[in-house]
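Worksheet for the structure shown next.
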Amino acid sequence: MKIVTYNINGIGARLQNLLRWLTERTPDVVCLQELKAPQEKFPEAAIREAGYGVIWHGQKSWNGVAILSRGCEPSELRRVLPGDPEDAHSRYIEATVRGIKIGCIYLPNGNPYPGPKFDYKLRWLGRLLTHAAELAASPMPVVLAGDFNIIPTEKDVYKPERWVNDALFRIEVREAFVRLASQGWTDAVRTLHPDATIYTFWDFFRDAYRRDAGLRIDHLLLNPALRGRLRAAGVDRDVRGWEKPSDHAPTWIELSE
DNA sequence: ATGCCGTGGAAACCACGA
């Protein structure tokens with residue numbers, strides 16, 4: 001069973017790209033972020049025709065998350081991260097799919113640092129830690145997958161010294177990632193590839209993909225009830241080289257049944 | 001190097017992303 005997280009960066013502009021990738025790679029579960037589409041403009045019919053059940057939480061212009069499931073319907077559990085009724089961003093959706101609880105995350109970017117956007121990121125992280133503690137302790141298998149906008153360590157960025165005051169690499173944010181791990185979450189890709197240089201994002205400019213000037217910011221975290229089923233993990237980095245690509249690449253895990 | 005590209009939405013530019 002293959003579970004993938006993919007920041008699509010505008011599902012309107014990326015639909016053909018997405019459908020090709022679904023057809024070629026046939027992932028079982030897909031967590032999408034940055035739909036950049038209002039609820040009513042999500043291309044539901046095209047995705048269902050490709051053989052996927054789907055739930056989504058759209059928003060005009062920005063954000064937006066979705067969970068796709070091949071051959072069955074995701075069973076929605078929530079479409080908001082608890083803890084702040086004032087938060088109007090579409091950044092979280094959670095469902096049960098084939099006996100696994102899936103939390104699809106689009107964490108705030110937080111730049112520029114310092115400032116209100118960074119403060120919002122830290123508040124969002126606080127809420128995530130609260131919710132994640134419950135999920136980590138659950139006897140049910142859970143994966144938290146998404147664009148975390150967190151570079152966990154120096155190994156996960158092409159030139160760490162350039163990023164020390166960036167909201168993706170600030171110490172507060174990396175410490176939050178460590179706190180997640182201490183709740184029992186396993187960073188699937190890093191666990192299976194402890195020494196490899198692995199990126200999931202390359203900027204659109206400065207020829208970043210060709211230079212391999214990337215970041216590892218898309219993650220799949222497994223709770224203790226699930227981690228024993230982890231068989232493989234990786235990044236479909238060639239997809240970043242397709243026509244009209246997102247700046248992120250699909251990042252995946254393979255689980256035993 | 002602090003938006004050079006790219007998207008969406010509104011307006012022929014602006015906000016936002018990482």
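These numbers were taken from a predicted model, which means no experiment stands behind them. Every chain is numbered from 1, with letters handed out A, B, ... down the list of sequences.
Closest to the side chain of A:F204, from the set B:dC4, B:dG6, B:dG3, is B:dG6. Distances from the side chain of A:R162 to the nucleotides B:dA10, B:dG17, B:dA1 place B:dA1 closest. Residue A:K60 has its side chain nearest to B:dA10 when only B:dT7, B:dG17, B:dA10 are considered. Of the candidate nucleotides B:dG17, B:dG9, B:dA1, B:dG17 has the atom nearest to the side chain of A:K117. Listed candidates were B:dG3, B:dC4, B:dG17. Nearest to the side chain of A:F205 is B:dG3.
Side chains of A:Y52 and A:P27 form a contact here, defined as non-hydrogen atoms less than 4.5 Å apart.
Taking atom CH2 on A:W163 and atom C1' on B:dG17, their separation rounds to 11 Å, with Å as the unit. To the nearest angstrom, C1' of B:dT2 lies 13 Å from CG of A:L168. Between A:E40 atom CD and B:dG9 atom P the separation is 10 Å, expressed in whole Å. In this structure, A:L15 atom CG and B:dT7 atom P are separated by 14 Å, rounded to whole Å. What separates NZ of A:K36 from C1' of B:dC16 is a distance of 7 Å, to the nearest Å. In this structure, the CG atom of A:L35 is 16 Å from the C1' atom of B:dG9, given to the nearest Å. Residue A:E34 contributes atom CD, which lies 11 Å from atom C1' of B:dG6 at whole-angstrom precision. Here B:dG9 presents its P atom at 11 Å from CD of A:Q59, a figure rounded to the nearest Å.
Screening residues 206-257 of chain A for ring pair (Phe, Tyr, Trp, His ring centres under 6.0 Å), with sequence neighbours left out, gives A:F148-A:H219, A:F177-A:H219, A:F201-A:H248, A:W202-A:Y209. The salt bridge (Lys or Arg N to Asp or Glu O under 4.0 Å) analysis of residues 197-210 of chain A, with sequence neighbours excluded, yields the pairs A:D207-A:R210. Among pairs with a residue in residues 82-114 of chain A, those fulfilling ring pair (Phe, Tyr, Trp, His ring centres under 6.0 Å) read A:H89-A:Y120, A:Y92-A:H131, A:Y113-A:F118, at least two apart in sequence or across chains.
A salt bridge links A:D212 with A:R237: the distance from a Lys NZ or Arg NE/NH1/NH2 to an Asp or Glu carboxylate oxygen falls below 4.0 Å. Salt-bridge annotation for A:R70 and A:D28: present, with a side-chain N of the basic residue lying under 4.0 Å from a carboxylate O of the acidic one. Of the charged side-chain nitrogens involved, none lies within less than 4.0 Å of a carboxylate oxygen, so that A:R231 and A:E254 do not count as a salt-bridged pair.
Looking at heavy-atom distances under 4.0 Å, A:D203 makes contact with a base. A:N165 comes within 4.0 angstrom of nothing in the nucleic acid, heavy atoms only. Here A:Y106 lies in heavy-atom contact (under 4.0 Å) with sugar-phosphate atoms only. Counting non-hydrogen atoms under 4.0 angstrom, A:N7 reaches the backbone sugars and phosphates but no base.
Rounded to whole Å, the C1' atom of B:dA12 lies 29 Å from the corresponding atom of B:dA1. B:dA10 and B:dG6: their P atoms are spaced 23 Å apart (whole Å). Taking atom C1' on both nucleotides, B:dT2 is separated from B:dA15 by 16 Å, rounded to a whole Å. For B:dG17 and B:dC4, the C1' atoms lie 14 Å apart once the distance is rounded to whole Å.
Residues A:P112 and A:G12 each lie close to DNA chain B; by heavy-atom proximity, the contact nearer the 5' end of the strand is made by A:G12.
Legend: residues meeting ring-ring contact (aromatic ring centres under 6.0 Å, His included) with A:F169, ordered by chain and number and at least two apart, are absent.
Contacts between residues 236-248 of chain A and DNA chain B, defined by a heavy-atom separation under 4.0 Å, are made by A:K244, A:H248.
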Which atom pairs, one a donor and one an acceptor, fall under 3.5 Å between side chains of residues 157-164 of chain A and the rest of the protein, sequence neighbours left out?
none

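The base of B:dG17 has none of its N or O atoms less than 3.5 Å from a complementary donor or acceptor on the side chain of A:N111.
In this structure B:dA11 sits in the anti conformation; its chi angle is more than 90° from 0.
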